[in-house]
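As a basis for the values below, the full set of heavy atoms in this structure was taken, side chains included, without hydrogen atoms, waters or symmetry mates. In each ligand, atom 1 is the first atom listed, and ligand 1 is the first ligand listed.
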Amino acid sequence: MNIPLIDLHLQYESIKKDIDAAIESVIGDAAFIGGKRVAEFEEAFARFCGARHCVGVGNGTDALYIVLKNLGIGAGDEVITAANTFIATAEAVTLTGARVVFVDCENDTYTIDPQQAEKAITERTKAVIPVHLYGHPASMMELSKIAKEHSLHLIEDAAQAHGSEINGNRAGSLSSAACFSFYPGKNLGAYGDAGAIVTNDDELATRCRMFANHGRVQKYEHQFEGSNSRLDGLQAAILKAKLRYLEEWTERRHAAACLYNELLQDTALVTPVEKTGVRHVYHLYVVRMKERDRVQRILKEKGVSTGIHYPIALPNLQAYQYLGHRPEDFPVANQFCEEILSLPMFPEITRSQIEYVCSTIKEALWC
Ligand SMILES: *Cc1c(COP(=O)(O)O)cnc(C)c1O
């Protein structure tokens, strides 16, 4: 059996008619930039998140950068985020001229540890960016309280968490602004790069929208310098067609995770937690184990693709040597780097595929 980590082709096959019609209609109208499909998708995605505004942008990294920049964050400021995330979260901070401050993660959810975040606050701190890593929301109640007490902006990196919830509130409605990526492999994926900013703040939404389109009010009338980071018509039409299926796909991811949990419960593996009141959307299904490398190698030999998200904590990367951290500074994140393994996870994964993955893992653990 050959089981990929994710299978984008199967998804396309299942909704080919919708996607092909969406693409054809955009090309037919030559509505490549802006236009009604972008507005329609933005409205639908804002509603999906339970927020007032959605501003489509070029990708998730730009979404983070544009929000930070338009909250007035820049040189001399500090922004706190998790040591264990994709580099984009930190890059967006550095791009504004601010300094990124890494903190360790919780030992069960993999998301930023609120106590560590609070300890890292200085006079220069302007914002905290929790990452809803793998699809499990960060501890937003605790973080909101800390942000309020210290007058900090709270910005969700929701690139892996479309539709995740805490006590019925969706990612995108839990902070000043949330940043989404629609990179093809994400839970809601475009057919190219795309991203969005979701917020309840009218003024921030307007500013971000202008910034992403050269700071313009209307053609050739520019109020300030911005950039070019627009969601294009083709991607918006594809995303709108796919958004209708997202709930169903999320339910299927959830069911797949439950089956994995059940089949792996009598092993030494640590399976993902789902905190009380939380809806985990399983962008990735990540387990922990000793001897991870050996198990991953055996899985590969037996046709099962897996991943490691992420193999090196950001502070240990060459890119962040200038911060002068030692591995001991982030004990939890660093230990997890050695033990985590992402198993195949996509809405179309079958029971027999999951059974095969789990029995192969069990064999590997016994030998
Ligand atoms: C994918 C991702 C991003 C960046 O999104 P792009 O659309 O690829 O720029 C940012 N943060 C996290 C946690 C991600 O997984």
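- Close contacts of ligand 1 with T89, meaning ligand atoms under 4.0 Å from a residue heavy atom, involve 11 (N).
- If you take CG on N228 and NE2 on H214, they are separated by 4.0 Å, rounding to the nearest 0.5 Å.
- Between Y285 and Y134, the ring centre distance reaches or exceeds 6.0 Å.
- Near A88, with a cut-off below 4.0 Å to any heavy atom, the atoms of ligand 1 are 3 (C), 4 (C), 10 (C).
- Cluster membership for V287 and Y282, using ILVMFWY side-chain heavy atoms within less than 4.5 angstrom, is shared.
- A donor-acceptor contact closer than 3.5 angstrom is absent between the side chains of T109 and H136.
- Side-chain contact between P130 and T111 is absent, with no heavy-atom pair separated by less than 4.5 Å.
- A heavy-atom distance below 4.5 Å is found between the side chains of W249 and Q11.
- With ligand atoms numbered from 1 in the order given, ligand 1 contributes 7 (O), 9 (O) to contacts under 4.0 Å with heavy atoms of N59.
- At least one N/O-N/O distance between Q160 and ligand 1 falls below 3.5 Å.
- Counting only heavy atoms of the protein, atom 13 (C) of ligand 1 lies nearest to D157 OD2, 3.5 Å.
- At the shortest separation from atom 9 (O) of ligand 1 among protein heavy atoms lies T61 OG1, 2.5 Å.
- Within ligand 1, counting atoms from 1 as listed, the ones closer than 4.0 Å to a heavy atom of T85 are 13 (C).
- Of the candidates K186, H132, H309, it is K186 that places a heavy atom closest to atom 14 (C) of ligand 1.
- H162 and F182 have their aromatic ring centers within a separation under 6.0 angstrom.
- At under 3.5 Å, not a single nitrogen or oxygen of D193, backbone or side chain, sits near a nitrogen or oxygen of ligand 1.
- Nearest to atom 8 (O) of ligand 1 among the protein's heavy atoms is S181 OG, 4.0 Å.
- Against a heavy-atom cut-off of under 4.0 Å, V131 is close to the following atoms of ligand 1: 13 (C).
- Applying the 4.0 Å criterion to heavy atoms of G60 picks out, from ligand 1, the atoms 5 (O), 6 (P), 7 (O), 9 (O).
- In summary, the atoms of ligand 1 found under 4.0 Å from a heavy atom of A159, numbered by their order in the structure, are 2 (C), 3 (C), 10 (C), 11 (N), 12 (C), 14 (C), 15 (O).
- Checked against T306 for a side-chain contact (heavy atoms from CB on, under 4.5 Å), the options I3, V295, L341 give a single hit: L341.
- With no hydrogens or angles considered, no side-chain donor-acceptor pair links Q160 and H132 at under 3.5 Å.
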